[in-house]
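Bear in mind the structure is a predicted one, so any value in this text is a computation, not a measurement.
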Amino acid sequence: MDIVRLKALAKINISLDVVGKLDNGYHEVNTIMQSINLHDTIEIKKLQTNVIQINTNKRWLPVDQRNIAYRAVQLFLKETGINSGVYID
């Protein structure tokens, strides 16, 4: 089973101003940020079944359709026509 390991790099928002709302529901922002030497490690595995599973050590983090990573996987599988599932840790 193939595993992809990625670093999700951290940053600090020094300034964050919401300046508008876009048609897609997202907000337009002006920001000043600084990268820092912290990261989370994300592992992604392809599954043989057509399910999306998310594991996290944060109890407050949703692991269903409310999670943006879950929705990204759903859209990716739909747009590519790939017939499998994904496990994200």
Indicate the atoms forming the closest heavy-atom contact of [X] with [Y], along with that distance.
X     : Y     : answer
Leu61 : Thr56 : CD2-OG1, 3.5 Å
Lys11 : Asn13 : NZ-OD1, 3.2 Å
Ser84 : Leu77 : O-CD1, 3.4 Å
Ala8  : Ile42 : CB-CD1, 3.8 Å
Asp89 : Tyr87 : CB-CE2, 3.7 Å

In Å and rounded to the nearest 0.5 Å, what is the [atom1] to [atom2] distance from [X] to [Y]?
X     : Y     : atom1 : atom2 : value
Asn83 : Thr49 : CG    : OG1   : 10.5 Å
Asp2  : Ile44 : CG    : CD1   : 12.0 Å
Leu9  : His39 : CG    : NE2   : 7.5 Å
Arg71 : Asp64 : CZ    : CG    : 9.5 Å

Counting only heavy atoms not in Asp23, do more than 12 fall under 6.0 Å of its CG? no

Are there over 12 heavy-atom neighbours, none belonging to Ile68, within less than 6.0 Å of that residue's CD1? no

Mind checking whether [X] and [Y] sit in one hydrophobic cluster, side chains of I, L, V, M, F, W, Y counted as touching below 4.5 Å?
X     : Y     : value
Val63 : Ile52 : yes
Leu47 : Ile88 : no
Val18 : Met33 : no
Leu6  : Val86 : yes

Main chain of Glu43, side chain of Arg5: is a donor-acceptor contact present, judged purely on distance under 3.5 Å? no

Checking the side chain of Asn24 only, and the main-chain atoms of Tyr26 only, is there a donor and an acceptor separated by less than 3.5 Å? yes

